[in-house]
Protein chains: 2
Amino acid sequence: METITTTTHNPARCLELIPAAEDALYVIASKWTMRILLALRGGDKRFNELQRHLSGISARVLSNELKGLELNGLIARRTLDNGTVLYMHNDYADSLKSVIRELSLWGIQHKQKIRNKEI
Amino acid sequence: METITTTTHNPARCLELIPAAEDALYVIASKWTMRILLALRGGDKRFNELQRHLSGISARVLSNELKGLELNGLIARRTLDNGTVLYMHNDYADSLKSVIRELSLWGIQHKQKIRNKEI
DNA sequence: CGGAATCCCACGAGATACTG
DNA sequence: CAGTATCTCGTGGGATTCCG
């Protein structure tokens, strides 16, 4: 008989969740993912347009990034009749909202905690 | 006058949140972080004990990982009177719970989505 | 314009050995 | 036991060049 403290702790169950969390991290944690999603949320964009928008990213990296995001269904790529290639926001990207929200909340709070402690 | 659709979108505000989310990712996304936190949640452990528990991690990587986690206040390190060094769970680590929860939820759902789509 | 190919370098991480 | 030191190697990313 164990006492229930602040949190119920089930190590085995937690251990199962870790790989899933790591999968998510694999998608989100690459340097440009969130910025690209945000940029496209502001409107469809062409490759070079996107590259200009995200200052600092190389064509190669942007290309790889876009491929990955498309594979994961987070963005859409469409070739128009005139040959123009357009990258566009995909609704599925919105499914990341709560994840990103939690991440940024923790990040903000953590930065403050660190600042208050050390200096 | 714009219509409010599923989500209210404020690019500038989102852009502010990204660095915070990236800060959080920097802490969480390293390969062993979650596993170490989980291991210590199951009880205080010594260095080698921890290394055995996390099969596959090298002493060097574990050492660096522990330093980082301690700096971020996510674990505690205590040297006992007899010289034993003990790494222990810190309550602050629990602040990551909701982040990790969202990550794993998304990871699980995403894996299913990918499986259903492609095969 | 929208990339792919190539080259090159830096850095993270593994393995191993060593030390107080 | 609790790490540190060294060495090595794979991978990611930048810069540049080329192509349809």
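By convention in this document, chain letters (A, B, ...) are assigned in the order of the sequence lines, proteins followed by strands, and residues within each chain are numbered from 1. Note that the structure is predicted; figures quoted are calculated from it, not measured.
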Output yes when a side-chain donor or acceptor of B/N72 lies under 3.5 Å from a complementary backbone atom of B/L74, and no otherwise. no
Can a side chain N or O of A/Y87 be found less than 4.0 Å away from OP1 or OP2 on C/dC1? no
Of the candidates D/dG3, D/dG14, D/dC1, the side chain of A/S58 sits closest to D/dG14
Just the rounded figure in Å: distance from P of C/dG14 to CD of B/Q51. 11 Å
Nearest-angstrom distance from the residue atom CD1 of B/I75 to C1' of D/dA2: 14 Å
In whole Å, what is the span from the CD1 atom of B/I57 to the C1' atom of C/dT16? 16 Å
Taking B/E65 for the side chain and B/L62 for the main chain, is one N or O donor matched with an acceptor at less than 3.5 Å? no
Given C/dG2, D/dG14, C/dG14, identify the nucleotide with an atom nearest to the side chain of A/R46. C/dG2
Output field: ring centroids A/Y26/B/H110 closer than 6.0 Å: no
Let me know the distance between CG of B/N64 and C1' of C/dG12, rounded to the nearest Å. 10 Å
Can you measure B/L50 atom CG to D/dA2 atom C1' for me and round it to whole angstrom units? 12 Å
Distance in angstrom units between B/K45 NZ and D/dC1 C1', rounded: 17 Å
Roughly, in whole Å, what's the span from CG in B/L54 to P in C/dA13? 14 Å
Can you tell me how far CG of A/L103 sits from CD1 of B/I28, rounded to the nearest 0.5 angstrom? 5.5 Å
Derivation of the salt bridge (Lys or Arg N to Asp or Glu O under 4.0 Å) call for A/R13 and A/E16: CA-CA 5 Å; A/R13 171 119 183 79; A/E16 289 171 20; 3.8 Å; yes
Counting only side-chain N and O atoms of B/K31, is one of them less than 4.0 Å from OP1 or OP2 of C/dG14? yes
Reckon B/S63 has a side-chain N or O less than 4.0 Å from the OP1 or OP2 of D/dT4? yes
Between A/T84 and A/R60, the residue closer to the 5' end of DNA chain C by nearest nucleotide is A/T84
Rounded distance (Å) that lies between atom P of C/dC1 and atom CG of A/N82: 14 Å
Think B/K67 has a side-chain N or O under 4.0 angstrom from the OP1 or OP2 of D/dT4? yes
N/O (side chain, A/R78) to phosphate O (OP1/OP2, C/dG2) under 4.0 Å: no
Testing D/dG3, C/dA13, D/dC1 for proximity to the side chain of B/A59, the answer is D/dG3
